[in-house]
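Down below is the structure, laid out as structure tokens.
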Amino acid sequence: MDEQRLRTFKSGNSVALRLPKAMGVVEGEEMKIVPHADGSFSLWRVADDKAVFMALPGQLSAGFIAGTRGDIEQPERDWSRGDGTAAAA
């Protein structure tokens with residue numbers, strides 16, 4: 001399906017959005033909409049939740065992990081009590 005331009009309208013105390021029938025959304029179908037910090041939205045069928053979740057790792061940018069704290073130096077620890085058994089936490 002090609003890109004569609006839609007217009008919101010007032011419906012009671014809500015703002016509504018009509019989706020063209022050609023998009024394949026059927027009446028009464030449960031949908032999920034998630035707002036993003038940049039003002040955009042993602043919309044999908046609740047029945048597709050698992051597929052959407054499983055696709056997320058492929059959506060991360062190449063530099064997503066680059067900004068993390070990296071490896072942290074950890075001091076060596078003596079986990080024994082001197083008798084060869086591990087110390088209790």
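V26 and V46 fall into different hydrophobic clusters, defined by Ile, Leu, Val, Met, Phe, Trp and Tyr side-chain heavy atoms under 4.5 Å apart, directly or through other members. Hydrophobic clustering (ILVMFWY, side-chain heavy atoms < 4.5 Å, transitive): M31 and L6 are in one cluster. One hydrophobic cluster, built from ILVMFWY side chains closer than 4.5 Å, holds both M23 and I33.
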Next item on the list: Begin from the C-alpha positions of V34 and L43 and carry the test side chain to side chain contact (heavy atoms under 4.5 Å, CB included) through to its verdict.
Entry: CA-CA 7 Å; V34 179; L43 175 73; over 6 Å; no
Check: Please walk me through it: do F9 and L17 pass side chain to side chain contact (heavy atoms under 4.5 Å, CB included)?
Finding: CA-CA 6 Å; F9 62 96; L17 181 68; 5.8 Å; no
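Counting heavy atoms of neighbouring residues, nucleotides and ligands inside a 6.0 Å radius, atom CG of N13 does not exceed 12 of them.
Judged as a side-chain contact (heavy atoms from CB on, under 4.5 Å), and not counting sequence neighbours, E76 has no contacts.
Sequence neighbours left out, the pairs with a member in residues 22-37 that pass side chain to side chain donor-acceptor pair (under 3.5 Å) are E29-R45, K32-D49, H36-S42. Listed by first and then second residue, the salt bridge (charged side-chain N to carboxylate O under 4.0 Å, His left out) pairs involving residues 9-23 amount to none (not counting sequence neighbours).
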